[in-house]
Amino acid sequence: MKKILLSALLFSAAVVTTAQLTTAPDGGNKKASVSERIGLTDITINYDRPGVKGREGKVWGQLVPFGFTDLGFGTSKAAPWRAGANENTTIQFSTDVKVEGKDVPAGKYAVFIAVGKEESTLIFSKNNTSWGSFFYDPTEDVLRVNIKQQVMDKSTEWLTYSFINQTDNKATIALTWEKWMFPFTIEVDVEKTQLASFRNELKNNKGFQWQAWAEAAEYCADHNINLEEALKWADYGINGVFIGEKNFRTLSAKARVLRQLKRLPEADALMTEALPLGKINEVHGYARQVLAAGRTELAIQAFKENYKKFPNTFTTNMGMARAMSAAGDAKESLKYAKIAFTQAPDAANKSAIQGIIEKLEKGELIK
């Protein structure tokens, strides 16, 4: 009797429960996602892609109404276009950004566009979970900015978001559909986000290694930013409890920051201490660095000390070629360059040195 009753209950539950199976999006619209990293900022757009489907010339102002309209459903009586199909198109930023020059905090937003005949309004809403724009509420806007669409020669069948015109700190996001493109620019403060990342990472397990502190200091020296804090980072890489280590890299990192701070005697004193600790390529790199900075005597000294410590190698012979040229002695520079040519590790290096030899044979100096 109990088995019969249980079977009846299970059958009854099956009858009243509606199973929701996974199906393709309505209307054949395609789901898509596109992501890009600018600096340390991750940008992700999730959207559904409607097709033109033979409706060229009937999309803008018809299928997609101009401006804000009453869609006949939901609470919004003045809704923009959902900038895609089906549920909200969303855009997510892992850090603060600027969109068309306006500040937008890190977060996830719904994307809407109030389409105009020549100029349109791009809208980001903090309500990123509603379906389309049926419940659009302008009080939830975090961004509203005018953008100018462009007419293209060729038609794009399936609505597409893409990243174009990329640089180290910005990119243009382009929505293309039919023969119109809606571009808007995203800009990131790369240095600000990088420094914030350093401050965070130096507090976690990465901060238990001197290499992390030296790397953070080197970045600041390379970009001539945040120098006072960088000096503290460099010093911790040398003297930090349990993790500090006095080696070529930590000492030279601090020296690089000091040079940017115009504290040259302190920087030079540190490098005097660092050079005997350096590996062949470390010292060679430092010598080329100061040579490029116009500090010829320091560079010549470093090249010579490196040769003394690691005599007759490809790297140190090239170093001596540069040192002798910096001293104005093309003949002596040529001697070392010819030896380095026979030691070159690959064809690319041989080709480069051949060019140097040809210059020196003409009496021209190299850098």
Side-chain angles (χ1 to χ4, degrees), residues 210-211 213-239 244-340 343 349 352-353 355-357 359-360 363-367:
W210 60 261
Q211 290 92 336
W213 297 87
E215 183 180 352
E218 289 164 346
Y219 177 91
C220 294
D222 287 343
H223 294 82
N224 198 23
I225 58 171
N226 195 48
L227 296 176
E228 293 297 340
E229 187 174 19
L231 192 59
K232 294 177 182 177
W233 290 342
D235 192 61
Y236 200 82
I238 299 169
N239 301 307
E245 184 174 310
K246 187 177 288 190
N247 57 41
F248 180 89
R249 187 175 178 190
T250 55
L251 292 170
S252 63
K254 185 174 180 179
R256 287 168 67 181
V257 176
L258 287 168
R259 284 199 296 274
Q260 294 287 35
L261 288 166
K262 311 302 181 187
R263 293 160 61 174
L264 296 183
E266 295 173 73
D268 292 345
L270 273 176
M271 288 312 301
T272 298
E273 188 177 358
L275 285 173
L277 305 175
K279 297 176 182 177
I280 184 171
N281 288 327
E282 291 176 327
V283 176
H284 185 78
Y286 163 74
R288 292 203 63 179
Q289 198 176 76
V290 292
L291 181 62
R295 306 193 71 194
T296 306
E297 290 184 9
L298 275 180
I300 292 172
Q301 180 184 352
F303 282 131
K304 287 182 175 180
E305 289 183 10
N306 209 24
Y307 186 86
K308 185 177 179 180
K309 188 175 180 180
F310 304 100
N312 199 30
T313 69
F314 168 69
T315 298
T316 54
N317 276 316
M318 276 308 305
M320 287 300 295
R322 296 186 188 282
M324 294 299 97
S325 186
D329 191 339
K331 184 177 180 180
E332 191 70 5
S333 176
L334 178 61
K335 181 184 77 173
Y336 286 104
K338 286 183 173 180
I339 297 171
Q343 300 168 325
N349 274 286
I353 299 169
I356 288 172
I357 289 172
K359 281 187 176 183
L360 291 170
E364 299 175 14
L365 299 174
I366 62 170
K367 293 182 179 179

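Note that these values count all heavy atoms, side chains included, but never hydrogens, waters or copies made by symmetry. All figures in this text were calculated on a predicted structure; none of them were measured in a lab. Along the sequence shown, residues are numbered consecutively beginning with 1.
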**Student:** Do the non-hydrogen side-chain atoms of Phe248 and Leu275 ever get within less than 4.5 Å of each other?
**Tutor:**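 Yes - at least one pair of side-chain heavy atoms lies under 4.5 Å apart.
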**Student:** Closest heavy-atom contact between Leu291 and Ala326?
**Tutor:**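 The answer is CD1-CB, 3.9 Å.
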**Student:** Do Tyr336 and Thr316 have side chains that get closer than 4.5 Å, going by heavy atoms?
**Tutor:**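 Tyr336 vs Thr316: side chains apart.
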**Student:** Looking only at non-hydrogen atoms, find the nearest pair between Phe303 and Met320 and report the distance.
**Tutor:**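 Shortest heavy-atom contact: O-SD, 4.0 Å.
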**Student:** Mind checking the OG-CG spacing from Ser252 to Leu258? Nearest 0.5 Å is all I need.
**Tutor:**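 The distance works out to 11.5 Å.
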**Student:** Which atom pair, heavy atoms only, marks the closest approach of Ser333 to Ile366?
**Tutor:**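 Looks like OG-CD1, 4.3 Å.
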**Student:** Salt-bridge test for Lys335 and Glu332: reply yes if a basic N is under 4.0 Å from a carboxylate O, no otherwise.
**Tutor:**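 Salt bridge present between Lys335 and Glu332.
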**Student:** Nearest 0.5 Å, what's the CD-CD1 distance between Gln260 and Ile225?
**Tutor:**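 Nearest 0.5 Å value for the CD-CD1 distance: 10.5 Å.
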**Student:** Heavy-atom distance under 4.5 Å between the side chains of Met271 and Arg256, does that happen here?
**Tutor:**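 Side chain of Met271 against side chain of Arg256, heavy atoms only: no contact under 4.5 Å found.
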**Student:** Evaluate the side-chain proximity of Leu270 to Glu266: yes if any heavy-atom separation is below 4.5 Å, no if none is.
**Tutor:**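 They are not in side-chain contact.
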**Student:** For the residue pair Ile353 and Ala337, what are the closest heavy atoms and their distance?
**Tutor:**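 That closest heavy-atom pairing would be CG2-O, 3.6 Å.
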**Student:** What's the spacing between Asn247 CG and Thr250 OG1 if we round to 0.5 Å?
**Tutor:**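 Taking CG in Asn247 and OG1 in Thr250, the distance rounds to 3.5 Å.
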**Student:** Could you check if a side-chain atom of Leu264 sits within less than 4.5 angstrom of a side-chain atom of Arg259, using non-hydrogen atoms only?
**Tutor:**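 Yes; the side chains approach each other to less than 4.5 Å.
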**Student:** Before giving the answer on side chain to side chain contact (heavy atoms under 4.5 Å, CB included), spell out for Glu228 and Leu261 the whole-Å C-alpha distance, their side-chain angles and the decisive distance to 0.1 Å.
**Tutor:** CA-CA 8 Å; Glu228 293 297 340; Leu261 288 166; 3.8 Å; yes
**Student:** To the nearest 0.5 angstrom, please state how far the CG atom of Asn349 sits from the OG1 atom of Thr315.
**Tutor:**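 These two atoms lie 9.0 Å from each other.
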**Student:** Test your reading of the model: is there a side-chain donor-acceptor pair from Arg322 to the backbone of Lys367, 3.5 Å cut-off?
**Tutor:**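 The answer is yes, because a donor-acceptor pair under 3.5 Å joins these two groups.
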**Student:** Which pair of non-hydrogen atoms, one from Ala230 and one from Ala217, has the smallest distance, and what is that distance?
**Tutor:**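 That closest heavy-atom pairing would be O-CB, 3.6 Å.
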**Student:** Tell me, do Ile356 and Met318 make a side-chain contact under 4.5 Å, heavy atoms counted?
**Tutor:**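 Side chain of Ile356 against side chain of Met318, heavy atoms only: contact under 4.5 Å found.
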**Student:** Identify each donor-acceptor pair in which a side-chain atom of residues 305-312 lies under 3.5 Å from a protein atom, sequence neighbours left out, and give them as a table.
**Tutor:**
{"unit_1": "Glu305", "atom_1": "OE2", "unit_2": "Gln301", "atom_2": "NE2", "d": "3.1"}
{"unit_1": "Asn306", "atom_1": "ND2", "unit_2": "Ile280", "atom_2": "O", "d": "3.0"}
{"unit_1": "Lys309", "atom_1": "NZ", "unit_2": "Pro276", "atom_2": "O", "d": "2.7"}
{"unit_1": "Lys309", "atom_1": "NZ", "unit_2": "Gly278", "atom_2": "O", "d": "3.2"}
{"unit_1": "Asn312", "atom_1": "OD1", "unit_2": "Asn317", "atom_2": "ND2", "d": "3.0"}
{"unit_1": "Asn312", "atom_1": "OD1", "unit_2": "Gln343", "atom_2": "NE2", "d": "3.4"}

**Student:** Could you measure the distance from the CD1 atom of Ile238 to the CD atom of Glu245? Nearest 0.5 Å is fine.
**Tutor:**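 So the CD1 of Ile238 and the CD of Glu245 are separated by 11.0 Å.
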**Student:** Do Leu360 and Met324 have side chains that approach each other closer than 4.5 Å (heavy atoms only, starting at C-beta)?
**Tutor:**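 A side-chain contact is absent here, since even the closest heavy-atom pair is not under 4.5 Å.
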**Student:** Can you name the nearest heavy-atom pair linking Val283 to Ala302, along with the distance?
**Tutor:**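 Of all heavy-atom pairs spanning Val283 and Ala302, the closest is CG1-O, 3.7 Å.
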**Student:** Ring-plane angle category for Tyr236 and Trp213, please: parallel below 30°, perpendicular beyond 60°, tilted otherwise.
**Tutor:**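 Correct class here is tilted.
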**Student:** Restricting to pairs with a member in residues 251-281, which pass ring-ring contact (aromatic ring centres under 6.0 Å, His included), not counting sequence neighbours?
**Tutor:**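 Passing the test, one end in residues 251-281: no pairs.
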**Student:** To the nearest 0.5 angstrom, please state how far the CG atom of Leu334 sits from the CD atom of Glu364.
**Tutor:**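 If I round to the nearest 0.5 Å, the distance is 12.5 Å.
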